[in-house]
Amino acid sequence: MAKTKRKKFSTGELLAWSASYGIDYNKKDMLIETVKHGISWLIIVTLTRYIWWMSALALAGGLYYGWNIIVPYIVRRKYENAAFIERNRFINNITQILMNDSKSLLEAVADVKERSTGEFKQDLTKLLTVMMSANDEENSRAFKELSDKYHHDDRFTMFLEQLETIALEGRTPGMMESLKEVKTYHNDIKMRRMDYEQAKKYAAEDMRIIILVVLIMMIAIALGFSFERYAYGFAWTLLGTIIGNLFIALNLNSYTKFFKYYYDDDIMGVSKQ
Amino acid sequence: MKDFLRNIAEKDLYYIAEDMGVREESIDRFMKKRFMTLMVFLFLSIPAAIFKVPVGIGVIVVGVFIYRNAYTSYKKQYEGFLFQREFEFNSLMKMMIPYLKQGADQGEEGNSFYTVLGKCHRRLDKGIIKDNLERLMVDMVDQPNSILPFRRFAADSSGSDDADLIMLTIYEYQANSSDISIIDELGHLITERMMRSIDVIIKGKVSRFGTFPTVVTMYPLMIIFAYTIGVAIYEMAGFGGG
């Protein structure tokens, strides 16, 4: 049963998931998230039209949306955050260790590998194995493979390039300086990611309040005079169908757009997806 | 006809298209479509005005709005394009720096720069920068020791002055094998640009959220309005007996 449900994620996410970073996002959390969206859609439609089959459709739609769109967004976010932290830790630690002349690059990578987890640890293990065979060409290829895998994190790839040069040529003070620079750049990215996430959290808080207000408004409208007046005078009339459905469509549009923006974590570019 | 359309087009429309690498014929077709749509609306406004004057005016307004909107959305596309191009250009610059440093450390000159470009080209995603880079490499072979390919690359890949400056510096560096601190400077310059562009992205993405509260509060007003009308009708119908 678990397997059928997982098929709904993209293969990339599935693979990442299975190489798990020990993420504690289990099925129960996924279901809760899905239900939250189902109920939201249900509320929007019900409070406007009070037509039972529309409400049923809304619930189904919301559940579908929650499961197939929001949950993958969340999985992706958790995965990318975990992966980024791993890379960041790698960069910081390696730079630290290499400043101390007594350890070789090989030893440094081995040490840091132990502190990693999940998919990245596997990546490092692979790299380490190749490095130990002391074949320059294979070394380069291994580094390139790792770079390509994380090509979207260009400061990480820069760092790898520096490492590769060090592997080939040994350490010079100049190289160490560049290494430290790249480390700073990567940490800058980390900071900006966190700032961005925080800003989005604030925006979400604002939305929560607005939605609460709108909810109360809608209930007041429907029950203000008398429900009978609302239903027969509006919700179930032609006017209600046109305006009410328009209202629902607009709200759902804003709803989906909001979450799309909310789960867009990419600070390196403006993706069109 | 074509000349007429080009004359009435917004001043920068053709410039935008050229910058994006869109062919003139495409824009001519775009203008034609827009114009025709506008004509249709103007035409329809006449019977509409006969029916009810405000409706006729409304039709004209909608037509003009659509006409204008085609331009503004195209311009928006252009801004997105500019931004993406700028970002890719910065990425390329960032890519090149470690290679150049490496080259200097190992004391290579001249032709290894070509190899560097090749390496970068392989790593780039498909896009306008990649194409421009190809062109640069071809031009370098055709016109050895000429500064023109570099400047052309700067102009095509980013209209900005510091892009020109960067490419000039790079040319100097590879032509005269000067010292590495220039490359360091360049590196810093480029990182600054990248950081700034990231901040711009973040700012843009955060500001997107600003529209939601206003818009979401507006929608219920629509309901209130419609509801008031609906209830009024309902009540009156009750009194009037249907």
Side-chain angles (χ1 to χ4, degrees), chain A residues 48 147-148 151 154-155 157-158 161-162 165 169 172 174-175 178 181-182 185 188-189 192 195-196 199-200 202-204 206-207 209-211 213-214 217-218 221-222 225 229-230 232-235 237 239-240 242-244 246-247 250-251 254-255 257-258 261-262 264 266-270 272, chain B residues 80 83-84 87-88 90-91 94-95 97-99 101-102 104-106 119 122-125 180 184 187-188 191 194-195 197-235 237-238:
Chain A
T48 316
S147 283
D148 286 344
H151 72 278
D154 57 352
R155 283 157 182 83
T157 49
M158 271 172 71
E161 268 149 29
Q162 309 274 19
T165 316
E169 319 273 328
T172 69
M175 288 307 301
S178 329
E181 240 180 65
V182 183
Y185 296 157
D188 275 343
I189 298 280
R192 278 169 173 73
D195 287 343
Y196 179 47
K200 283 195 288 187
Y202 285 143
D206 288 343
M207 276 309 278
I209 298 180
I210 302 281
I211 299 219
V213 168
V214 170
M217 235 201 292
M218 289 303 291
I221 293 173
F225 258 142
R229 282 206 182 90
Y230 183 75
Y232 291 109
F234 177 70
T237 66
L239 183 68
I242 300 177
I243 303 291
L246 180 63
F247 176 76
L250 289 172
N251 270 301
S254 292
Y255 188 98
K257 254 209 281 197
F258 176 82
Y261 293 162
Y262 186 70
D264 177 3
D266 185 10
I267 63 171
M268 305 288 280
V270 187
K272 299 292 185 155
Chain B
F83 191 79
Q84 187 65 25
F87 202 81
E88 284 178 13
N90 287 345
S91 307
K94 249 311 153 193
M95 249 189 248
I97 301 295
Y99 288 133
K101 278 195 174 158
Q102 224 175 318
D105 276 348
Q106 297 164 2
K119 288 189 195 169
R122 240 172 289 135
R123 288 174 56 194
L124 283 175
D125 290 329
I180 196 176
D184 279 336
H188 288 150
T191 325
M194 277 218 115
M195 278 308 178
S197 83
I198 286 180
D199 284 338
V200 165
I201 291 178
I202 293 181
K203 226 189 209 158
K205 291 197 173 179
V206 170
S207 73
R208 287 194 295 205
F209 288 96
T211 59
F212 286 112
T214 339
V215 142
V216 169
T217 330
M218 208 173 58
Y219 295 151
L221 299 182
M222 208 173 71
I223 295 280
I224 294 178
F225 186 63
Y227 169 59
T228 323
I229 296 179
V231 157
I233 296 177
Y234 175 67
E235 292 296 318

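Computed from a predicted model, the values in this text were never measured in an experiment. Chain A is the first sequence line, chain B the second, and so forth, proteins listed ahead of strands; every chain is numbered from 1.
B:Phe209 is listed as a side-chain neighbour of A:Lys200, based on a closest heavy-atom distance under 4.5 Å. The shortest side-chain heavy-atom distance between A:Lys257 and B:Arg208 does not fall under the 4.5 Å cut-off. Side-chain contact between B:Phe212 and A:Ile210: absent, with no pair of heavy atoms (C-beta onward) separated by less than 4.5 Å.
Chain A forms the most heavy-atom pairs under 4.5 Å with one residue out of B:Ala232, B:Ala226, B:Gly204, and that residue is B:Ala226. Ranking A:Phe258, A:Tyr262, A:Tyr255 against chain B, the residue ahead of the rest is A:Phe258, based on heavy-atom pairs under 4.5 Å. Options A:Ser254, A:Ala199, A:Ala203 differ in how many heavy-atom pairs under 4.5 Å they form with chain B, and the most are formed by A:Ser254.
A distance of 9.5 Å separates CZ in A:Phe247 from CG in B:Leu221, rounded to the nearest 0.5 Å. The CD1 atom of A:Ile243 lies 9.0 Å from the CZ atom of B:Phe225; values are rounded to the nearest 0.5 Å. A:Asp188 contributes atom CG, which lies 9.0 Å from atom CD1 of B:Ile198 (distance to the nearest 0.5 angstrom).
For B:Val215, the part lying under 4.5 angstrom from a heavy atom of chain A is the side chain only. Both the backbone and the side chain of A:Leu250 come within contact range of chain B, judged by heavy atoms closer than 4.5 Å. For chain B, no part of A:Tyr202 is nearby; none of its heavy atoms comes within less than 4.5 Å. In this structure, chain B has heavy atoms under 4.5 Å from both the backbone and the side chain of A:Leu246. Residue A:Ser147 does not touch chain B at all, counting heavy-atom pairs closer than 4.5 Å.
Nearest heavy atoms, B:Ile223 versus A:Met218: CG2-CE, 4.2 Å. Minimum heavy-atom separation, B:Val216 to A:Met207: CG2-CE, 4.0 Å. Between B:Ile201 and A:Asp266, the closest heavy-atom pair is CG2-O, 4.3 Å.
Using bins of under 30°, 30° to 60° and over 60° for the plane-to-plane angle, the ring pair A:Tyr232/B:Tyr234 lands in the parallel bin.
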